[in-house]
Amino acid sequence: MSSASSNPTAVAMPSAWRQFYALTKPRVIQLIVFCALIGMVLAVPGVPTWAQVQLAAIASLGIWLVAGAAAAFNCVVEQQIDAKMKRTAWRPTARGELSNLKTLTFSAVLCAMGSGILYLWVNPLTMWLTFATFVGYAVVYTVILKPLTPQNIVIGGASGAMPPVLGWAAMTGVVSPEALILFLIIFLWTPPHFWALALYRVEDYRKSGLPMLPVTHGSEFTRLQIFLYTLVLFAACLMPFVMRMSGWFYLAVAVALSVGFTGYAYVLWRDYSDALARKTFRFSLIHLSLLFAALLIDHYL
């Protein structure tokens with residue numbers, strides 16, 4: 001018999017690591033780091049030097065660690081709520097597989113490591129902005145806004161819109177108007193993205209007691225808000241071209257994606273179905289990912 005199979009700790013350890021990793025919400029973190037990386041690339045004219053590539057890699061690691069810490073903290077605060085919702089009931093904290101003490105310790109360690117990396121090897125501005133994002137998401141949004149107001153995702157969306165600003169600050173040491181345009185795009189994208197999910201998960205949110213917009217104001221009102229937000233988002237997506245941050249390639253992609261998102265939102269508003277809400281939610285993810293990818297490609301054309 002091998003030593004691994006005879007040692008219960010050796011068998012259990014990989015499972016424990018997977019549980020801690022799940023607390024960081026990997027898919028969300030990947031999008032956060034991707035958006036931060038776009039901010040880094042756009043902040044550097046032309047092809048980056050090797051020193052700038054190293055700086056971007058270090059900054060990405062620091063941002064990933066702090067974002068993971070915020071996600072883990074969120075799992076502790078929403079443990080009871082997560083347990084009531086099918087979408088989140090699998091989380092280790094909701095299932096009682098990880099104690100609050102272990103999760104909070106894990107969150108604190110990640111936050112300290114990430115903040116230290118950003119302060120020592122990137123710059124203090126990026127560290128403080130990233131830490132403020134942690135507080136904004138983990139405390140202001142999760143603890144205060146989310147259970148208090150149906151506008152939680154609108155106000156709290158400011159934290160989720162920060163990654164490109166963090167990336168820009170990491171490379172330049174300042175927050176420029178261009179970085180704020182990237183912030184605005186994600187800020188306006190967040191409500192229609194999240195409300196599309198909330199529409200077909202409305203019973204979960206009703207059971208959880210959270211005052212999400214479809215619960216407090218109904219489906220039709222929420223669908224109208226999604227459509228109106230996509231119109232405003234459409235205009236915001238044109239701003240990189242207007243401000244000469246990008247060229248014609250980005251403009252073509254931005255218009256195509258925005259027409260698609262607005263089209264989904266309009267049909268969802270006029271003729272609702274859960275299936276269409278799911279498609280709208282999935283397209284919103286495609287919209288943001290391809291939009292920022294187009295910014296990246298256009299930067300080198």
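Everything numeric in this text was worked out from a predicted model, so none of it was measured. Here, residue 1 is the first one in the sequence, and each next residue gets the next number.
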Under 3.5 Å, side-chain donor or acceptor atoms of residues 53-72 against the rest of the protein: list the pairs with distances, not counting sequence neighbours.
residue	atom	partner	partner atom	Å
Ser60	OG	Ala56	O	2.8

Just verifying a value: how many Å separate Cys111 SG and Leu104 CG, rounded to the nearest 0.5 Å? 12.0 Å

Got more than 12 heavy atoms from elsewhere within 6.0 Å of OH, Tyr119? no

Of Ile153, Ile226, Thr262, Leu231, which is the lone residue that meets side chain to side chain contact (heavy atoms under 4.5 Å, CB included) with Pro192? Ile226

Are side-chain heavy atoms of Ser219 and Pro214 found at a separation under 4.5 Å? no

Check for a donor-acceptor pair, side chain of His299 on one end and backbone N or O of Ala43 on the other, with a separation under 3.5 Å. no

Side-chain touch Leu110/Thr24, heavy atoms, less than 4.5 angstrom: yes

Could you walk me through whether Tyr250 and Leu291 satisfy the side-chain contact (heavy atoms from CB on, under 4.5 Å) test, starting with their C-alpha distance in whole Å, then the side-chain angles of each, then the deciding distance to 0.1 Å, before giving a yes or no? CA-CA 8 Å; Tyr250 167 79; Leu291 188 80; 3.6 Å; yes

Nearest heavy-atom neighbours spanning Val143 and Phe73: CG2-CE2, 4.4 Å

Atom CH2 of Trp269: over 12 foreign heavy atoms under 6.0 Å: yes

Contact between Thr280 and Trp195 at the side-chain level, heavy atoms closer than 4.5 Å - yes or no? no

Let me confirm one number: the CG-CG distance from Leu184 to Leu233, rounded to the nearest 0.5 Å. 8.5 Å

Should the ring pair His193 and Phe281 be called parallel, tilted or perpendicular, given that the plane angle runs from 0 to 90° and is split at 30 and 60? parallel

Looking at every non-hydrogen atom in both residues, tell me the closest pair between Phe131 and Ser115 and how far apart they are. CD1-OG, 4.4 Å

All heavy atoms of Phe34 vs all of Ala293, minimum pair found to be CZ-N, 4.0 Å

Using a 4.5 Å cut-off on heavy atoms from C-beta on, say whether the side chain of Leu199 contacts that of Thr222. yes

Any ion pair linking Glu220 and Arg223 (charged N to carboxylate O, less than 4.0 Å)? no

Evaluate the side-chain proximity of Leu31 to Ser289: yes if any heavy-atom separation is below 4.5 Å, no if none is. yes

What distance do Cys35 atom SG and Ile186 atom CD1 have between them, rounded to the nearest 0.5 Å? 4.0 Å

Exercise: identify the closest heavy-atom pair between Pro163 and Ala161: CD-C, 3.3 Å

Are Asp298 and Val253 side-chain neighbours, meaning at least one heavy-atom pair lies under 4.5 Å? no

For a quick test of reading the model, state the closest non-hydrogen atom pair linking Trp168 to Gly39 and the distance between them. CE3-O, 3.5 Å

Side chain proximity check, Pro48 to Met171, heavy atoms < 4.5 angstrom: no

Under the side-chain contact (heavy atoms from CB on, under 4.5 Å) rule, what do Leu118 and Trp128 come out as? Steps first, then yes or no, please. CA-CA 9 Å; Leu118 293 173; Trp128 286 115; over 6 Å; no

Any side-chain donor paired with an acceptor under 3.5 Å for Ser176 and Glu178? yes

Criterion side-chain contact (heavy atoms from CB on, under 4.5 Å) on Trp121 and Asn123, from CA distance to verdict: CA-CA 6 Å; Trp121 290 295; Asn123 58 60; over 6 Å; no

Results of ring pair (Phe, Tyr, Trp, His ring centres under 6.0 Å) for Phe283 - residues two or more places apart only: Tyr264

Would you compute the distance between atom CG of Leu23 and atom CZ of Arg18 and round it to the nearest 0.5 angstrom? 13.5 Å

Using the ring pair (Phe, Tyr, Trp, His ring centres under 6.0 Å) rule, take Tyr229 and Trp189 through it: C-alpha gap first, then chi angles, then the decisive distance, then the call. CA-CA 8 Å; Tyr229 261 92; Trp189 169 87; over 10 Å; no

Would you compute the distance between atom CG of Leu182 and atom CZ of Phe292 and round it to the nearest 0.5 angstrom? 5.0 Å

Is Tyr272 atom OH crowded by more than 12 heavy atoms from other residues, nucleotides or ligands, each under 6.0 Å away? yes

Heavy-atom side-chain proximity of Phe194 to Ser284 below 4.5 angstrom: no

Hey, what do you get for CD1 (Ile117) to OG1 (Thr126), rounding to the nearest 0.5 Å? 13.0 Å

Provide the closest heavy-atom pair for Met40 versus Gly167 in the form atom of the first, atom of the second, distance. CG-O, 3.3 Å

For Asn152 and Tyr141, run side-chain contact (heavy atoms from CB on, under 4.5 Å): C-alpha distance rounded to whole Å, both residues' side-chain angles, the deciding distance at 0.1 Å, then the answer. CA-CA 7 Å; Asn152 47 28; Tyr141 168 66; 4.1 Å; yes

